[in-house]
Structures are given as C-alpha cells and as structure tokens.
Undergrad: 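I'd like to ask some things about the structure below.
Just so we're on the same page: letters track the sequence lines, and every chain starts at 1.
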Amino acid sequence: MTILLVVLGLFAGMVGALSGTGGGIIITPMLALYFGVPIEQAIGTSLIAVITTSAASSSVHLQRHTTDIRLGMTLELATALGAATTAYLVGYINRTALQVLFATFLLYGAVMILRRGGKTEDEQDEFVPQLSGTGFTIPDYEPKNMPLGLGASLVAGGLSGLLGIGGGPIKVPVMYIFMGIPLIVATATSNFMIGVTAAASAAVYYRRGDVVVGIAAPMAVGVFVGSLLGARLAMRVHSKYVAILLVGIMLYLSLHMFVHIAGKYL
Amino acid sequence: MSQIREPGFDRAVALVLRIGSFAAFLVMLTGVLAAVVVDGHTATRIELAGVLIMLITPVARVLVAMILFLREKDWKYGAISAGVLLILVLGSLFGVGEH
C-alpha cells in the first residue's frame, strides 16, 4: 500500500503543479473512497500534502519577487483564524454532512474550471511580467478595501479548514478585483498564504488524531517529487489537456462520492 | 508604492521554505523506505518526525519573517506576524475537539 500511496502522491503533485490547483482536491476523495479512510482523516492527511505543495511552489514565486509578503501576512491573520476555527468545528460535524459538502465542492470546482474554458488559476499569459534590467516590472499599487480582503480571507480560511483545500478561487479574484492587486502578485500571494492556512488547520487535525502518519508520509514524498517534476514539465505539456484530465477526475470522484453516500441510505 | 521588491527578504523567506520542505522530504523518505523494508515501530516514528517538520515549516516561515520585520523596525508588520504566530500556537494547543 505504501508504494501505491507514493505513486498516487506523485500523480497528484504532478497534476497539481501542471494545473496550478495544488492537487489536494483529488487526494482527499481518493483516500476516502479507495483507502477506507474516514473523511475527516482523509482531509487532515491531505493537508500535509497541501503544505508540501505550497512550500515548494511559493519558494519559486518568492524568488521571482512576485509575492507581497506584507499583504500575505496581514490576510493570514484572517485565513489562519478561519482555518483553525472550522478545523476545530469539524470534530463536531456529522460525517455524512462533511462528505456531502466535499462532494458538492468537488463538483463546483470541476464546473468552475470548465467555465473558464479549461484555464486554471496560474495561467495568465497576458500578465507574465517583463524582465527589465533590475527585475520584474510590476505596476505600483496600494492594497485597497482591506476589510473586504480580510473578510474574504476569513471565508477562504474557513473553507480550507473544513475541506482541506487552498481557497485560491476566493482569494485571487478578491485581491485582483476589489483590492487592486496585480493578478500575478495576487496569485503568488494566495499561494504563499496556503501553507500557513493549511498548517493552522493541520495542527488541529493532528491534535485530534486525524492526520494518519503512515499515509501522510508516503503521500507527501510522492507529492514533493511530483510537483518538482510537474513544474519542469509545465513548459512542455499543454496545460489545457491537464485541465481536461483534472476535470474528468474531479467529476468522477464527485459522482462516486455521491453514489457512495446514497448507498448508505438506500 | 508597491509593498514588494525586497529581494533579500524574499530570498530569506524562500530559503526557510526550501530547507524545511526538503528536510521534511528526506526524513519522510527515510521513514517510508524503512516502512517498506522492515515495517516496524521505528519506521512510523521516522515518518512522524518528517510529517512534523513539514507541519512546522510554515510556522518557521512566519517566525523568520517576524524577526526580519522587527530588525527593520517595521513594528506594524512585526506585530501582524506575531499575531499570525499566536493563532498558529493557540490552534495547536487548544484545537482538540472530539469525534
């Protein structure tokens, strides 16, 4: 089983890095459906993989100097608080309710990727900064609407603690549209925040015994290598095919989860 | 004015993430290999050590950023970082819950 988990992590890490989604979204349902892990433990365990992906990818963004550490740290006050709170509440939530929530979110995520025409978050070709003599030319900006940003971060963090996902689809548009942050900075900063957000909830899951070490370790080993490979391959593989593959997997897993839940009541 | 463009600061924070995740990877890999070969209690403990290093890496990143802000006498962001650190520590101390 250990080797199977490494391979699954490798695959999830690679797809995650190629599509810019993190990969945690497919790890949780796979653990729940095919490895007999209770949903709350599947979420807690996949959070370790989420932290791994975030650490690897945000160190790349940092070295490109596209991350706004001050903005990220400020919004992390809200994401960490939201994540720790909902992670705590998961201990009291009915297991079936959590499964339904997860399957619904999985379906929603797949539809969102489809609606963007197979484009995932990290793909903003038109916003790739130009290299000048001194570095990247990012337009000057001043974060606006901080209360709204903090509110959205609280919700994104809450979702992260509840379902073990990153919350990028909420943070990136709020930073870009309402706070006046350039898209490339918003994406990098959202990515930067995921590690701390996931750690805030993972600590709670861990204390409750919901991080299965024997699964988390081989999975994270695979994810680490997979995301490095994926980052290398990203130049050569057409990301549209990866997005189609990801949507297919997400739809299948969501459907399977719904069938699984229904099966218990019919 | 934008708030970014402090290359040294970015590099230091990136370094924490790189060292932390790579160390966690190496320790977890050792544990996983041990689990495949001997499948015992020791293997699980090595795996646990790796998982905990991974879990602590983002916390270390906040701590290092806080120290860097304080050294720059940027009290506002030093305090914000301390707040994030406090939430992380409180969460791991009290966030137990039950099933």
Side-chain angles (χ1 to χ4, degrees), chain A residues 2-3 6 40 48 51-52 54-56 58-63 65-71 73-74 76-77 80-81 83-84 87-92 135 138-143 182 185 195-208 211 213-214 216-218 220-221 224-225, chain B residues 1-7 9-11 13-18 20-22 24-25 27-29 31-32 35-36 39 43-48 50-52 54-59 61-62 65-66 68-69 74 76-77 80-81 83-84 87-99:
Chain A
T2 305
I3 293 167
V6 175
E40 68 278 6
I48 300 301
I51 298 172
T52 308
S54 168
S58 61
S59 69
V60 173
H61 285 298
L62 278 165
Q63 288 185 324
H65 307 300
T66 50
T67 310
D68 188 335
I69 297 181
R70 287 187 167 83
L71 174 66
M73 195 68 91
T74 309
E76 270 166 8
L77 278 173
L81 187 66
Y88 182 78
L89 292 176
V90 162
Y92 301 94
I138 297 167
D140 276 351
Y141 63 92
E142 188 68 49
V185 178
V196 163
T197 312
S201 45
V204 179
Y205 279 91
Y206 177 76
R207 283 295 301 269
R208 196 164 50 219
V211 174
V213 172
V221 163
F224 187 84
V225 177
Chain B
M1 222 207 73
S2 94
Q3 303 191 66
I4 47 183
R5 290 174 203 172
E6 290 167 58
F9 201 115
D10 286 354
R11 263 195 295 275
V13 175
L15 196 65
V16 175
L17 293 174
R18 291 220 159 161
S21 57
F22 195 64
F25 166 73
V27 175
M28 285 190 285
L29 182 66
V32 169
V36 171
D39 195 24
T44 313
R45 289 174 79 171
I46 300 172
E47 285 182 333
L48 175 62
V51 167
L52 289 179
M54 196 70 252
L55 197 56
I56 286 167
T57 297
V59 185
R61 184 269 266 173
V62 176
M66 184 185 80
L68 290 174
F69 281 132
D74 188 339
K76 183 186 170 193
Y77 286 97
I80 288 173
S81 309
V84 175
I87 295 169
L88 288 169
V89 171
L90 286 180
S92 57
L93 285 182
F94 296 106
V96 179
E98 54 188 52
H99 280 301

Undergrad: Measure the CZ-CZ distance between B:Arg18 and B:Arg61 for me, rounded to the nearest 0.5 Å.
TA: 15.0 Å

Undergrad: In terms of relative ring orientation, are A:Phe224 and B:Phe22 parallel, tilted or perpendicular, with 30° and 60° separating the classes?
TA: tilted

Undergrad: Sort out for me which of B:Lys76, B:Met66, B:Met54 touches chain A most, counting heavy-atom pairs under 4.5 Å.
TA: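 Of B:Lys76, B:Met66, B:Met54, B:Met54 has the most heavy-atom pairs under 4.5 Å with chain A.
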
Undergrad: Stepwise, does the side-chain contact (heavy atoms from CB on, under 4.5 Å) test hold for A:Thr67 with B:Asp10?
TA: CA-CA 8 Å; A:Thr67 310; B:Asp10 286 354; 5.6 Å; no

Undergrad: If you count heavy-atom pairs within less than 4.5 Å of chain B, which of A:Leu62, A:Val6, A:Val60, A:Ile51 leads?
TA: A:Leu62

Undergrad: Using heavy-atom distances under 4.5 Å, tell me whether B:Leu15 contacts chain A through its side chain, its backbone, both, or neither.
TA: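 Contact with chain A involves no heavy atom of B:Leu15 at all.
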
Undergrad: Begin from the C-alpha positions of B:Phe69 and B:Ile80 and carry the test side-chain contact (heavy atoms from CB on, under 4.5 Å) through to its verdict.
TA: CA-CA 10 Å; B:Phe69 281 132; B:Ile80 288 173; over 6 Å; no

Undergrad: With a 4.5 Å cut-off on heavy-atom pairs, point out which of B:Asp74, B:Val27, B:Val16 contacts chain A the most.
TA: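 Most pairs with chain A among the choices: B:Asp74.
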
Undergrad: Main chain of A:Ala83, side chain of A:Ser201: is a donor-acceptor contact present, judged purely on distance under 3.5 Å?
TA: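 Side chain of A:Ser201 to backbone of A:Ala83, a donor-acceptor pair under 3.5 Å: no, none is there.
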
Undergrad: Pick one of side chain, backbone, both or neither for B:Leu55, based on which atoms fall under 4.5 Å of a heavy atom in chain A.
TA: both

Undergrad: Is it the backbone or the side chain of A:Thr2 that comes under 4.5 Å from a heavy atom of chain B, or both, or neither?
TA: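 A:Thr2 touches chain B through side-chain heavy atoms alone.
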
Undergrad: When only pairs under 4.5 Å are counted, which of A:Val211, A:Ile48, A:Val225, A:Leu89 shares the most heavy-atom pairs with chain B?
TA: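 The option with the most such pairs is A:Ile48.
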
Undergrad: Main chain of A:Ala87, side chain of A:Arg208: is a donor-acceptor contact present, judged purely on distance under 3.5 Å?
TA: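 Present.
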
